[in-house]
Amino acid sequence: LIIQYKPFGDILLNTGYMPALRAKFPKAQIDYVIQKPYLTILQDNPNLNNLILMEKKSKRGLHYISYLVERFKVMRHVRSNKYDVVIDQLRGPGSAQITIYSGAKYRIGWIQKRWNWVYNYKIERDNHRYYASAKFDLLKPLGVEEIPHNTYYKVHEKSVETINNWLKEIDLFDKKIVVFSPGTPVLAKQWDLNNYARLGDMILQNTDYKLILLWGPGEKKDVEYISNKMKKKPVIAIPTSFNEAAALLKQTDLYIANDGGISHLAVTMETPSITIFGPKSNPKKWTAWHKEIHTYLRDWNLRLKDYYKTKDQTFNITPEMVYEKFTELIKIL
């Protein structure tokens with residue numbers, strides 16, 4: 001059993017090691033605990049047998065009772081399956097509780113401040129290595145070593161058809177496309193929207209690339225703001241599912257965005273990318289920087305506590321700096 005039921009990006013990064021795990025244990029039953037909002041990531045993964053679904057429940061107020069009921073429901077399900085091995089990739093109190101209640105003889109997890117007693121194989125987490133690669137470390141007790149890999153996500157033909165038809169309607173099919181995805185629920189990851197607008201104008205005025213603004217639930221106002229600030233108008237994407245977003249990235253020449261789940265999806269789709277980091281995240285961990293087509297910007301002198309004092313969303317990264325990365329990357333491409 002593998003446990004990492006949230007969020008999008010972290011679950012997607014787990015798919016990198018699954019072929020190696022399956023190759024080591026071709027006849028094993030390999031199951032995965034996942035929350036329903038993220039089901040799309042794993043429901044077509046060929047290396048898994050079963051998905052144990054967990055409803056996403058709030059812990060606040062009266063909702064806490066339903067949260068506990070759902071948690072115990074999952075724990076009972078896990079225990080009834082009598083797993084030999086549990087791999088806890090999440091490293092949190094909820095996943096630790098599921099792990100210990102599983103009754104599994106072998107329990108593998110990251111070394112942490114609490115809950116270490118749950119695991120009989122504890123692994124030090126490497127925070128200076130791309131996390132999809134670092135996740136292989138938890139497989140070492142099973143005799144699985146890191147191999148060349150990429151993350152996996154199946155794009156459905158219907159999603160490809162939807163995106164391709166839309167691109168043809170707006171006369172962008174087979175054109176050179178840059179996609180921005182500026183939205184994020186985490187303010188400390190949100191690069192200034194005015195900077196996105198200035199960067200978009202630089203690209204449209206100085207190159208033959210077309211610009212599409214991709215958005216998810218609750219993010220449309222951000223892309224509309226950017227579009228209104230620009231001198232040359234970009235294209236605002238149609239509403240997309242996660243799978244349709246992946247189909248769009250497959251047709252994209254270069255992707256620029258904040259650190260987040262869609263950036264990991266761009267890596268999965270092998271779409272060249274530039275990721276803009278605020279002070280909250282470590283690019284060495286959250287970007288596939290070891291691959292030439294993926295690069296990033298981060299002011300290492302900007303600390304999180306300093307950001308909270310100013311709430312400066314530029315992160316000391318200018319549109320000119322990103323445009324320079326853009327020109328360097330298109331030379332490689």
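All of these numbers come straight from a predicted model, not from anything done at the bench. For the numbers below, each heavy atom of this structure counts, side chains included, while hydrogens, waters and symmetry mates do not.
No cation-pi contact links Arg107 to Tyr119, judged by a cut-off of 6.0 Å to the six-membered ring centre and 45° from its axis. The cationic atom of Lys168 (NZ for Lys, CZ for Arg) lies less than 6.0 Å from the six-membered ring centre of Phe173 and within 45° of the ring axis.
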- Query: Can Lys57 and Glu70 be said to form a salt bridge (charged side-chain N to carboxylate O under 4.0 Å, His left out), step by step?
  - Reply: CA-CA 8 Å; Lys57 300 287 187 179; Glu70 180 65 20; 5.5 Å; no
- Give the C-alpha distance, both sets of side-chain angles, the deciding distance and a yes or no for salt bridge (charged side-chain N to carboxylate O under 4.0 Å, His left out) between Glu146 and Lys140. CA-CA 9 Å; Glu146 183 179 355; Lys140 287 181 178 179; over 6 Å; no
- Please step through side chain to side chain donor-acceptor pair (under 3.5 Å) for the pair Tyr152 and Asn47, ending with a clear verdict. CA-CA 10 Å; Tyr152 173 84; Asn47 299 298; over 6 Å; no
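Asp171 has a carboxylate O that lies under 4.0 Å from a charged side-chain N of Lys175, or vice versa, which qualifies the two as a salt bridge.
When hydrophobic clusters are built by joining Ile, Leu, Val, Met, Phe, Trp and Tyr residues whose side-chain heavy atoms come closer than 4.5 Å, directly or via intermediates, Tyr255 is grouped together with Val267. No continuous path of ILVMFWY side-chain contacts below 4.5 Å connects Leu204 to Leu214, so the two sit in separate hydrophobic clusters. Leu265 is connected to Ile163 through a chain of hydrophobic side-chain contacts under 4.5 Å among Ile, Leu, Val, Met, Phe, Trp and Tyr, so both are in one cluster. Both Trp110 and Leu13 belong to a single network of hydrophobic side chains, linked directly or stepwise wherever heavy atoms of I, L, V, M, F, W or Y lie under 4.5 Å apart.
Residue pairs meeting the side chain to side chain donor-acceptor pair (under 3.5 Å) criterion with at least one partner in residues 187-209, sequence neighbours excluded, are Lys176-Asp208, Lys189-Asp259, Asp192-Asn194, Asn194-Tyr225, Tyr196-Asn258, Arg198-Glu320.
Two residues are said to be in side-chain contact when any heavy atoms from C-beta on lie closer than 4.5 Å; Val85 and Tyr121 fail this criterion. In this structure, the side chains of Ile170 and Val235 come closer than 4.5 Å at one or more pairs of heavy atoms. Under the 4.5 Å side-chain criterion, counting only non-hydrogen atoms from C-beta, Met269 is in contact with Tyr153.
Rounding to the nearest 0.5 Å gives a distance of 10.0 Å between OH of Tyr307 and OG1 of Thr314. Here Asn120 contributes atom CG and Lys105 contributes atom NZ; the two are 9.5 Å apart, rounded to the nearest 0.5 Å. A distance of 4.5 Å separates CH2 of Trp115 from CD of Gln97, quoted to the nearest 0.5 Å.
Listed here is the closest heavy atom pair of Trp286 and His264: O-CE1, 3.2 Å.
Between Trp300 and Tyr296, the ring planes are perpendicular. Angles over 60° get that label, and only those under 30° would be called parallel.
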